[in-house]
There are 2 protein chains.
Amino acid sequence: MAAVVKPHIRVVLADDHPVVRDGLAAMVNQQPDMEVVAEAGDGDEAIALYEQHRPDVMVLDLRMPKRDGVAVVQRVLEINPKACILVMTTYDGDEDIFQCLSQGAKGYLLKDAPRQEILSAIRAVSEDRPYTSSGVAAKALQRMAKPSLTQRELDVLQLVAQGRSNKDIARRLSITEGTAKTHVKAILTKLDAISRTEAVAVAHKRGLIHL
Amino acid sequence: MAAVVKPHIRVVLADDHPVVRDGLAAMVNQQPDMEVVAEAGDGDEAIALYEQHRPDVMVLDLRMPKRDGVAVVQRVLEINPKACILVMTTYDGDEDIFQCLSQGAKGYLLKDAPRQEILSAIRAVSEDRPYTSSGVAAKALQRMAKPSLTQRELDVLQLVAQGRSNKDIARRLSITEGTAKTHVKAILTKLDAISRTEAVAVAHKRGLIHL
DNA sequence: CGGCGTCTCTACCTTAAGGGGGAGCGGCGG
DNA sequence: CCGCCGCTCCCCCTTAAGGTAGAGACGCCG
């Protein structure tokens, strides 16, 4: 076969909802310059299909069974550091998107974006141009200004969100109750919350935790 | 025009994500006996398009801007008590589905359902047969066994989930702090939680509140 | 009408949570 | 090498939260 003048953008989709995959596939396959070559329903499948098909673009849902978007981005970039990954999510408060982008995902997209935006995002990423949904850049700046939680604090926050007491948290993390309180106090300060329950609300809104 | 032997099932879709609407539309329009006649992106639009097109089936997302699924079900059934509504949601813990079903929605569906299930649900509802996603019946029974919260308790719970203190809740609801505590205590008992934070976690898991 | 559930309020008591400090220790980078 | 940061632990103190118990007012339904 001779060289094709206008090669298709080969796309792999990964989303746990069949209806979303169908929607994306319909949109993509309607384009003359795009083609869906595989669809994955969970994180493991996404990685396997990436390796198998080596697509130009991978469209990846952030929340998936077995392995979430962040982990998939990591693994795929290990396989191919030049992989073009477009991360998709439902909620714009998701903290994970920053993790994905800083790890090397080329683009980020909200699921409620209109057709045109989704398609142009795929095109941009396929040409190795970064794409970020409107407003995300602004959010990134806001986020930079706000104090970030340490890993330990995120561990504690997770347990707080489950309704655990300081004593309970201490037991689970093998630390003293006093230390647990210290972490909780740090969390309250950083999230600008008065009570642990408010901290959970704030953290959830910012996408620091997923209930 | 003569009578049609096999009339199409006319469907109106309502979902705030274009990609989901596309997916559903692609699935439905591929069927020889179905047809999407309109698509809505929010609750108000959904009601307007129902009135305008009088479809055989309305597929409705539970969480939508402007007016949520419960309100749309109510309004549409006021317009046409025989309307066939299929409610769709992402999370199976959603308490609202029971409200929709008891209000007269004909079917309930999870968004991560496979193509075949979605299509057969639409067919069932179009023939006025109820359809419920597997496991929902079981959940309904579980739910019946569990104590339900009063409206006032739900009001309090909502504020608790926002991280408000008892005193704050009392002010906002124009009651005394003691009464607020009484309500919170009732909530803790009914949800089988030790602390307010755990109550929020449990309530969120059961879909009693949306953060 | 008489009971039942809801919402309201009360008092007392125990425990957990939050605020304000200080301090030692290990790693990492200037 | 020294300082910064994260993790750990400790003190004391105030306040909020949770447990127990009782009671009055209203509306709904058998």
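Order of the sequence lines fixes the chain letters, A, B, ..., with proteins taken first and strands second; residue numbering starts at 1 for each chain.
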In whole angstrom, what separates B:Glu198's CD from C:dA16's C1'?
14 Å
Take atom CD of B:Gln151 and atom C1' of D:dC28, then tell me their distance rounded to the nearest Å.
17 Å
Minimum heavy-atom separation for A:Leu191 to A:Ala199, with atom names?
CD1-O, 3.6 Å
Contact pattern, 5' to 3', of nucleotides 18-30 of chain C - B, S or - by protein heavy atom under 4.0 Å
BBB----------
Is there a donor-acceptor pair under 3.5 Å between the side chain of A:Arg10 and the backbone N or O of A:Arg54?
yes
Distance, rounded to the nearest Å, where A:Lys167 contributes NZ and C:dT15 contributes P
9 Å
If each end axis of the helix from C:dC1-D:dG30 to C:dG30-D:dC1 is fitted on five C1' pair positions, the angle between them, to 10 degrees, is 40°
Ignoring backbone atoms, establish whether A:Thr176 has a side-chain N or O less than 4.0 Å from OP1 or OP2 of D:dC9.
yes
Heavy atoms under 4.0 Å, any strand shown: does A:Gly178 hit a base, just sugar-phosphate, or nothing?
nothing
To the nearest angstrom, the CZ-P distance between B:Arg164 and D:dA17 comes to 13 Å
Would you kindly give the CG-to-C1' distance between A:Leu173 and D:dC9, to the nearest whole Å?
15 Å
Can you tell me the distance, in whole Å, between the CD1 atom of B:Ile169 and the C1' atom of D:dA16?
12 Å
Verdict with supporting geometry, B:Leu159 and B:Asp168, side chain to side chain contact (heavy atoms under 4.5 Å, CB included)
CA-CA 9 Å; B:Leu159 292 168; B:Asp168 204 351; over 6 Å; no
Does a side-chain N or O of A:Thr150 approach OP1 or OP2 of D:dC7 to a distance below 4.0 Å, or not?
yes
Using the side chain to side chain contact (heavy atoms under 4.5 Å, CB included) rule, pick out the option among B:Thr182, B:Val160, B:Ile187 that qualifies with B:Glu153.
B:Ile187
Show your reasoning for whether side chain to side chain contact (heavy atoms under 4.5 Å, CB included) applies to B:Lys190 and B:Thr150.
CA-CA 10 Å; B:Lys190 288 185 180 179; B:Thr150 66; 3.9 Å; yes
As a test of understanding, state which of B:Arg115, B:Lys111, B:Arg21 forms a salt bridge (Lys or Arg N to Asp or Glu O under 4.0 Å) with A:Asp22.
B:Arg115
Can you tell me the distance, in whole Å, between the NE2 atom of A:His183 and the P atom of D:dC5?
17 Å
Kindly list each side-chain donor-acceptor pair under 3.5 angstrom involving residues 71-79 of chain B, sequence neighbours excluded, with atom names and distances?
| unit_1 | atom_1 | unit_2 | atom_2 | d |
| --- | --- | --- | --- | --- |
| B:Arg75 | NH1 | B:Glu78 | OE1 | 3.0 |

Would you indicate what B:Thr179 reaches in the nucleic acid, counting non-hydrogen atoms under 4.0 angstrom: base, sugar-phosphate, or nothing?
base
Before you tell me yes or no, could you show the steps for B:Tyr50 and B:Asn80 under side chain to side chain contact (heavy atoms under 4.5 Å, CB included), namely the whole-Å CA-CA distance, both residues' side-chain angles and the distance that decides it to 0.1 Å?
CA-CA 10 Å; B:Tyr50 181 86; B:Asn80 176 16; 2.9 Å; yes
Between the main-chain N or O of B:Arg164 and the side-chain N or O of B:Arg172, is there a donor-acceptor pair closer than 3.5 Å?
no
Provide, to the nearest angstrom, the distance between the CG atom belonging to B:Asp168 and the P atom belonging to D:dA16.
11 Å
